[in-house]
Amino acid sequence: MDESLFLTVFQKTILLTMAIAAPILLSAIVVGLTISIIQSVTQIQEQTLTFVPKIFAALLILIVAAPWMIDTFVTTTKELFDYIKVFIS
């Protein structure tokens, strides 16, 4: 097995992980930042206030983006399985 092939496969898996996780993480960051700004302005310092909206935002994004995530995962997995032929030889 060539080093460049291994690095290509490793890079694809890392990029796949980041691409699938990014929408959920970004939505949680945006909601958390928005609620933090609102808490700063209103001087309400309740630590648990950001928890529930972040979960709802993450679930909403997960429901909306799930078809894209699954399609991306399946496509990349098929490409990686095609590399098995190269790994064996």
Side-chain angles (χ1 to χ4, degrees):
M1 179 169 62
D2 192 15
E3 289 178 7
S4 64
L5 181 62
F6 173 76
L7 291 176
T8 302
V9 170
F10 186 72
Q11 180 182 14
K12 280 186 176 274
T13 56
I14 296 296
L15 289 175
L16 174 67
T17 304
M18 290 190 316
I20 288 177
I24 298 170
L25 294 175
L26 289 176
S27 69
I29 288 171
V30 168
V31 169
L33 184 63
T34 304
I35 292 175
S36 295
I37 291 171
I38 292 171
Q39 282 181 330
S40 297
V41 170
T42 60
Q43 295 183 354
I44 298 173
Q45 298 302 323
E46 180 62 34
Q47 296 296 322
T48 60
L49 187 62
T50 61
F51 185 68
V52 174
K54 279 188 203 178
I55 289 178
F56 283 136
L59 286 175
L60 179 67
I61 294 297
L62 184 62
I63 291 169
V64 170
W68 170 79
M69 290 176 177
I70 292 171
D71 183 53
T72 304
F73 183 76
V74 168
T75 303
T76 308
T77 303
K78 286 180 181 178
E79 290 175 8
L80 291 174
F81 277 135
D82 288 339
Y83 283 125
I84 290 176
K85 297 172 191 170
V86 179
F87 289 150
I88 293 173
S89 60

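Here the structure is a predicted model, which is why all the values come from computation and not from measurement. Excluded from the calculations below are hydrogen atoms, water molecules and symmetry mates; all remaining heavy atoms, backbone and side chain alike, are included.
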From CA spacing to verdict: side-chain contact (heavy atoms from CB on, under 4.5 Å), Met69, Ile24: CA-CA 11 Å; Met69 290 176 177; Ile24 298 170; 3.7 Å; yes

side-chain contact (heavy atoms from CB on, under 4.5 Å) between Leu16 and Thr72, intermediate numbers included: CA-CA 8 Å; Leu16 174 67; Thr72 304; 3.8 Å; yes

Stepwise side-chain contact (heavy atoms from CB on, under 4.5 Å) test for Leu60 and Phe56: CA-CA 6 Å; Leu60 179 67; Phe56 283 136; over 6 Å; no

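Here CD of Glu79 is found 11.5 Å from OG1 of Thr8. Values are rounded to the nearest 0.5 Å. Atoms CD1 and CD1, from Ile70 and Ile20 in turn, are 9.5 Å apart once rounded to the nearest 0.5 Å.
Residues Phe10 and Ile14 meet the side-chain proximity criterion, which asks for heavy atoms closer than 4.5 Å. In this structure, Gln11 and Leu7 have side chains that are not in contact, with every pair of non-hydrogen atoms separated by 4.5 Å or more. Two residues are said to be in side-chain contact when any heavy atoms from C-beta on lie closer than 4.5 Å; Gln39 and Thr50 meet this criterion.
Under a hydrophobic clustering in which Ile, Leu, Val, Met, Phe, Trp and Tyr are joined whenever their side-chain heavy atoms come within less than 4.5 Å, directly or via other members, Ile61 and Phe73 fall into the same cluster. At a threshold of 4.5 Å between side-chain heavy atoms, the hydrophobic network of Ile, Leu, Val, Met, Phe, Trp and Tyr places Phe51 and Leu59 in one connected group. No continuous path of ILVMFWY side-chain contacts below 4.5 Å connects Ile29 to Leu62, so the two sit in separate hydrophobic clusters.
Listed here is the closest heavy atom pair of Ser27 and Ala57: OG-O, 3.9 Å. Pro23 approaches Trp68 most closely through the heavy-atom pair CG-CZ3, 4.1 Å.
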